[in-house]
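Structure record follows, encoded as structure tokens.
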Number of protein chains: 2
Amino acid sequence: MAMPAATTLLAWTRLLRAADLASQHCAASLRALGLPPPEWYDVLLAIERGGAQRPRDLQIALGTEQYALSRLVDRMVKARLLTRVPCADDARGHLLHLTIEGRAMRAAMWPVYAEAIETALGARVAEEDRTALARLLAPLAEPISA
Amino acid sequence: MAMPAATTLLAWTRLLRAADLASQHCAASLRALGLPPPEWYDVLLAIERGGAQRPRDLQIALGTEQYALSRLVDRMVKARLLTRVPCADDARGHLLHLTIEGRAMRAAMWPVYAEAIETALGARVAEEDRTALARLLAPLAEPISA
DNA sequence: AGCCTTTCGATGCGATTGCATGGAAAAACC
DNA sequence: GGTTTTTCCATGCAATCGCATCGAAAGGCT
């Protein structure tokens with residue numbers, strides 16, 4: 001295998017490092033206030049926006065592994081943020097609904113989450129650079145070998 | 001807390017998704033051939049390039065948590081890729097040396113690692129876009145709140 | 001209908017992570 | 001030189017992850 005181009009290696013290392021720093025910062029911000037980790041927010045938001053959904057749909061939307069989501073939901077149900085409701089037209093699955101507390105938790109997390117995003121990304125890259133960044137990252141945010 | 005700008009949110013989600021897909025792909029490629037995960041490669045490369053180093057130096061260079069590196073080194077020593085050599089001028093620490101097998105392992109991993117990088121990034125973004133991407137990511141790859 | 005394949009979701013188990021802490025040597029301070 | 005603070009690295013413990021696999025229901029096919 002030939003060496004990837006220098007620009008590829010540079011972009012690779014910075015991409016991974018940047019994402020790691022960003023997500024670490026976000027997780028740390030939430031944790032510092034005793035709030036759940038970012039994945040919880042993503043689940044809560046997806047359901048609040050899209051309505052009750054099946055685990056499979058969330059799994060695809062969020063890009064998580066099947067077993068990871070299954071257990072994440074377990075924890076969130078245990079925390080009373082979500083409920084599993086048997087699915088009428090498919091006895092294998094169920095619909096995930098937000099509870100009142102789930103809705104409240106999402107609202108409580110948002111300011112912290114938003115602040116973290118702003119600190120980690122918004123405040124560090126100019127508006128037009130963020131636009132360019134989003135455009136350049138678009139193909140990479142699609143499943144590989146598609 | 002105000003809502004971050006739309007461009008910030010878009011860049012945020014794509015950044016995290018892109019990095020996740022890329023690192024997953026890389027880890028999966030190595031695993032499929034029975035090779036160790038990417039972090040092992042990074043450690044092996046850092047030592048091969050920089051010579052024997054102390055855990056602390058690697059920790060900074062690689063951006064890992066202290067305990068994570070400590071245990072990673074444990075595993076690599078157990079796998080006979082690294083040796084811990086007492087440090088002459090500082091009895092607290094030690095120097096990490098590559099073994100012959102460590103050197104061989106890095107060489108064995110490289111083609112697979114390189115191929116994965118190329119597939120996940122090189123082949124999906126044009127040369128000039130990779131350059132732009134690396135430039136835009138530069139500030140984000142620096143520790144936050146610096 | 002009866003069988004085969006696919007999809008949905010959960011889970012056992014071993015490996016890894018993250019937090020907090022511990023212990024020991026070095027550095028700084030007085 | 002003795003004391004306090006800081007740095008370096010390891011580790012106990014609980015939580016989480018990742019892989020593989022399983023059970024059950026759907027869907028397809030003949």
Side-chain angles (χ1 to χ4, degrees), chain A residues 19-21 23-43 46-47 52-79 82-97, chain B residues 19-21 23-43 47 52-79 81-97:
Chain A
D20 186 55
L21 287 169
S23 60
Q24 283 299 117
H25 174 72
C26 182
S29 298
L30 288 166
R31 174 158 231 297
L33 295 177
L35 293 169
E39 316 90 82
W40 288 40
Y41 182 84
D42 297 336
V43 169
I47 299 182
Q53 297 173 50
R54 299 191 45 177
R56 181 78 231 250
D57 299 325
L58 279 178
Q59 180 196 329
I60 294 169
L62 304 178
T64 71
E65 299 293 329
Q66 184 270 320
Y67 53 82
L69 181 65
S70 178
R71 291 203 256 235
L72 174 54
V73 168
D74 275 350
R75 276 171 253 145
M76 294 180 72
V77 166
K78 204 162 302 177
L82 251 44
T83 55
R84 290 193 229 242
V85 177
C87 197
D89 58 326
D90 186 342
R92 287 170 306 181
H94 44 253
L95 283 173
L96 299 172
H97 286 262
Chain B
D20 186 55
L21 287 169
S23 60
Q24 282 299 116
H25 175 73
C26 183
S29 298
L30 288 166
R31 173 156 230 297
L33 294 176
L35 293 168
E39 316 90 81
W40 288 40
Y41 182 84
D42 297 335
V43 169
I47 300 182
Q53 295 173 51
R54 300 192 45 177
R56 181 80 232 256
D57 300 325
L58 278 179
Q59 182 196 328
I60 294 169
L62 303 178
T64 71
E65 299 293 329
Q66 183 270 321
Y67 53 81
L69 182 64
S70 178
R71 290 202 258 235
L72 174 54
V73 168
D74 275 350
R75 277 171 252 144
M76 294 179 72
V77 166
K78 205 162 300 178
L81 301 182
L82 251 43
T83 55
R84 289 193 229 242
V85 176
C87 196
D89 57 326
D90 187 341
R92 287 170 306 180
H94 42 70
L95 283 174
L96 300 172
H97 287 262

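Computed from a predicted model, the values in this text were never measured in an experiment. We name chains A, B, ... by the order of the sequence lines, and we start the count at 1 in each one. The figures that follow rest on heavy atoms only: side chains count, while hydrogens, waters and symmetry mates do not.
- One distance of note links CG of B:D20 with CG of A:D20; it measures 11.5 Å at 0.5 Å rounding.
- One finds the CG atom of A:L30 at 10.0 Å from the OH atom of A:Y41 (value rounded to the nearest 0.5 Å).
- By the 4.5 Å heavy-atom criterion applied to side chains, A:R54 and A:L95 are counted as neighbours.
- Within the 4.0 angstrom heavy-atom criterion, no nucleotide atom of any strand lies near B:E65.
- Counting to the nearest Å, the C1' atom of D:dA15 and the CH2 atom of A:W40 are 12 Å from each other.
- No side-chain heavy atom of B:S70 sits less than 4.5 Å from a side-chain heavy atom of B:Q59.
- Annotation: side chain of B:Q53 is not in contact with side chain of B:L96 (no heavy-atom distance under 4.5 Å).
- Spacing between atom CD of B:Q66 and atom P of C:dA20 amounts to 14 Å, rounded to whole angstrom units.
- Looking at which nucleotide of DNA chain D each of A:R75 and B:V73 is closest to, the 5′-most match is held by B:V73.
- Residue A:M76 contributes atom CE, which lies 18 Å from atom P of D:dA15 at whole-angstrom precision.
- For the contact set between residues 87-94 of chain B and DNA chain C, defined by any heavy atom under 4.0 Å, the members are B:D90, B:A91, B:R92.
- The distance between atom CD of A:E39 and atom P of D:dT16, rounded to the nearest whole Å, is 9 Å.
- Of the residues in residues 53-61 of chain A, A:R54, A:P55, A:R56 come within less than 4.0 Å of DNA chain C through at least one heavy atom, sorted by number.
- Atom-to-atom, NZ of A:K78 to P of D:dA14 comes out at 16 Å; the value is rounded to the nearest Å.
- If you take CG of B:L72 and P of D:dC9, they are 14 Å apart, rounded to a whole angstrom.
- Put simply, the side chain of A:R71 and the base of C:dG9 share no donor and acceptor less than 3.5 Å apart.
- Nearest heavy atoms, B:V85 versus B:H97: CG2-CD2, 3.2 Å.
- Note on B:Y67: a side-chain N or O is less than 4.0 Å away from OP1 or OP2 of C:dC19.
- Across A:L58 and A:A46, no two heavy atoms sit closer than the pair CD2-CB, 3.6 Å.
- Side chains of A:V73 and A:V43 form no contact here, defined as non-hydrogen atoms less than 4.5 Å apart.
- Annotation: side chain of A:R56 is not in contact with side chain of A:R92 (no heavy-atom distance under 4.5 Å).
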